[in-house]
Amino acid sequence: MSIQKKRLLFCLIVVFGITSAAAQSQPDSTTQKIDALFKWWDSPGSPGFVVGIVRNDSLIFAKGYGMANLEYNIPITPETIFHMASVSKQFTAFSIVLLARQGKLNLDDDIRKYLPWFPDLKVKITIRNLLNHTSGIRDQWQLLAIAGTRLDDVITRDQIIKILGKQQALNFKPNDEYSYSNSGFTLLGEIVRAVSGKSLRQFTDSAIFKPLGMKNTHFHDDYTEIVPNRSYSYDRKDAKHFANSTLSYSVVGATSLFTNVDDMSKWVTNFYNQKVGDQKDIEQLTQHGKLNNGKDIDYALGISVDDYKGYKMYSHNGADAGYRTMVSVFPELKMGFIIFSNLGDTNPFGKANQLSALFIKDRSPKSATPKPAVADSASAIFNDTLAIKKFMGSYIADDGTRYGFTLKNKKLYLQESGKSSQLVKGIKDTLVMLYWPVMKIVFTAKTSKEIIVNEYDPYNNRRLVKYNADAKQTDEVLRTYTGTYYCPELDCNYRIVLKDHHLILTNNKYNDTPLTLYGDNHLTDGFWWMDNLLILRNAKNQITGFEVNSGRIRHLLFKKENRD
């Protein structure tokens, strides 16, 4: 028998032994329903899933579907090691909680107390800000991509420390907003190192993994390290074909935890039956963040805390390369659901909801179907159409959000991303969305040429400026945008060139992408890492540079150079 066949036979024996034992504690009908959720991926030619269900202190179900490695036909089993992506964050956060309990740090300490190399931005950024994603620090993956590092390149700890050490501004004042930042959790890993004298891998191994019996778990801080029984990462090309999705990270804290279902089940039980830390530590880990304005956020310390079907739920998902992960814990029920995948187009979050529905009955209060704020009443009719027509048209915000406002049959509509929503009259000069009245719109005509919209809702406060969507710019005007733009924080540059009457954004590391001009000062492009550029001008209306305002990056300055 060939080595390959022996290996396959051994894996099949392991799968049969483990899944059969786990399935024995489930009724056949429940097992069949679980299998049906993952049937699509359960074939020799497809990447897939591994599923674990925890009840009390036991892993009552564990089963793999699909393949861990397509090239060698190795199936996924409950023993298969997966990269956790952002599910890793709760372990970094718990390390900080343990160190705080030991009196070695305080969550409200300034991070520069432990990381003196981090730039002094003249504001206090606390450890708690990092844990809650309220620091305002720009996200490391986008910064790296803008600087020319592809996410499938080798990415090291030193690279990220260098790039964060050169930051000159924040996205916002600490604790004013919530904005997910992987940078914060890399910095937390560095704080663990500074306080404990151990790397995050060493600290978690001794303080968390060994005490819990998680023998197959570690923070993977060297991408060249061989890990037996690991799964590989894939993207879908079409219905039957897949491609490798490269992951070469040597950086931990925000990501890079390696584990399997059996080990993760031991972590799940620690939320309600502590072997590491105690109930106070879990309460600290799962305490909601609070903004400067007093509002709570759903995110706690490296983990989300929500209500699901009337029960408290601790959860986090993750996505890196082709890995997709989800872990949810219901402490009141002493249950947990674990779903890992090695295929980029899967949705473990949705699967977790389907899976939990087989076990958890909904006890949340039943509410009637929500009704619109108003019916087709006087509030929805705009008789003075001449007064409101000047506000109709297209608007854009600094972050690239675009709205259109139209009047039809004396009714006002907001268009965004192909969707149309009716607006009605609210209090005073405000307009509100008919089916979501917490969103408020206020039009202001500062001058006949400068008309703005202020949007207020629980999640965003935006200022949008009206622009002429039908304007056609001449080559002479477009040429004023061309030139070389340099970012001192990232030591990189991009060029804007004019080609065949169109502006193009070009960089040595990437393929060219076309630019679209909205009004005079907004450019959008096809790069996910910097797809919205806000043009900056001096008092003479000359272009001096642009800001990147895109996703988890705001106000990143590129200066226009005079060499052209």
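We use all heavy atoms of the structure for the numbers below, so side chains are in, but hydrogens, waters and symmetry mates are not.
Between Y485 and F558, the ring centre distance reaches or exceeds 6.0 Å. Checked against the 6.0 Å centroid threshold, F405 and Y413 do not count as a close aromatic pair.
For residues 120-135, every residue pair satisfying the salt bridge (Lys or Arg N to Asp or Glu O under 4.0 Å) rule, not counting sequence neighbours, is listed here: D108-R128, D120-K122.
A distance-only check finds a donor-acceptor pair linking the side chain of T474 to the backbone of V477 [under 3.5 Å]. Using a distance-only test at 3.5 Å, with no hydrogens or angles considered, no donor-acceptor pair links the side chain of K509 to the main chain of A147. Between the side chain of D491 and the backbone N or O of P488 there is no donor-acceptor pair closer than 3.5 Å.
Distance check, rounded to the nearest 0.5 Å: CD of Q142 to CG of L556 gives 9.5 Å.
When the side chain to side chain contact (heavy atoms under 4.5 Å, CB included) test is applied to N347, the partners found at least two apart in sequence or on another chain are F349.
Taking 4.0 Å as the cut-off between side-chain N and carboxylate O, K440 and D457 do not count as a salt-bridged pair. With respect to R201 and E225, a salt bridge is recorded, a charged nitrogen being found less than 4.0 Å from a carboxylate O. In summary, R112 and D110 do not engage in a salt bridge, as defined by a charged side-chain N under 4.0 Å from a carboxylate O.
Of the candidates W141, Y323, Y223, W141 is the only one forming a ring pair (Phe, Tyr, Trp, His ring centres under 6.0 Å) with Y249.
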| said: Could you go through F443 and F391, starting from their C-alpha distance and side-chain angles, then the distance that decides it, and tell me whether this counts as ring pair (Phe, Tyr, Trp, His ring centres under 6.0 Å)? | reply: CA-CA 7 Å; F443 287 103; F391 296 115; 4.9 Å; yes
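Note: Y299 and Y180 have perpendicular aromatic rings, judged against thresholds of 30 and 60 degrees for the angle between ring planes. Ring-plane geometry between F82 and F340 is classed as tilted, the angle between the planes lying from 30 to 60 degrees on a 0 to 90 degree scale.
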Could you list the donor-acceptor pairs under 3.5 angstrom formed between side-chain atoms of residues 182-193 and any protein atom two or more places apart in sequence or on another chain?
| unit_1 | atom_1 | unit_2 | atom_2 | d |
| --- | --- | --- | --- | --- |
| N182 | OD1 | K89 | NZ | 2.6 |
| N182 | ND2 | D139 | OD1 | 3.0 |
| S183 | OG | R138 | O | 2.5 |
| S183 | OG | Q140 | N | 2.7 |
| T186 | OG1 | Q140 | OE1 | 2.6 |
| T186 | OG1 | Q140 | NE2 | 3.3 |
| E190 | OE1 | R157 | NE | 3.3 |
| E190 | OE1 | R157 | NH2 | 3.0 |
| E190 | OE2 | R157 | NE | 2.8 |

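Under a cut-off of 6.0 angstrom, the local environment of CG in N538 is crowded, with over 12 non-hydrogen atoms contributed by other residues, nucleotides or ligands.
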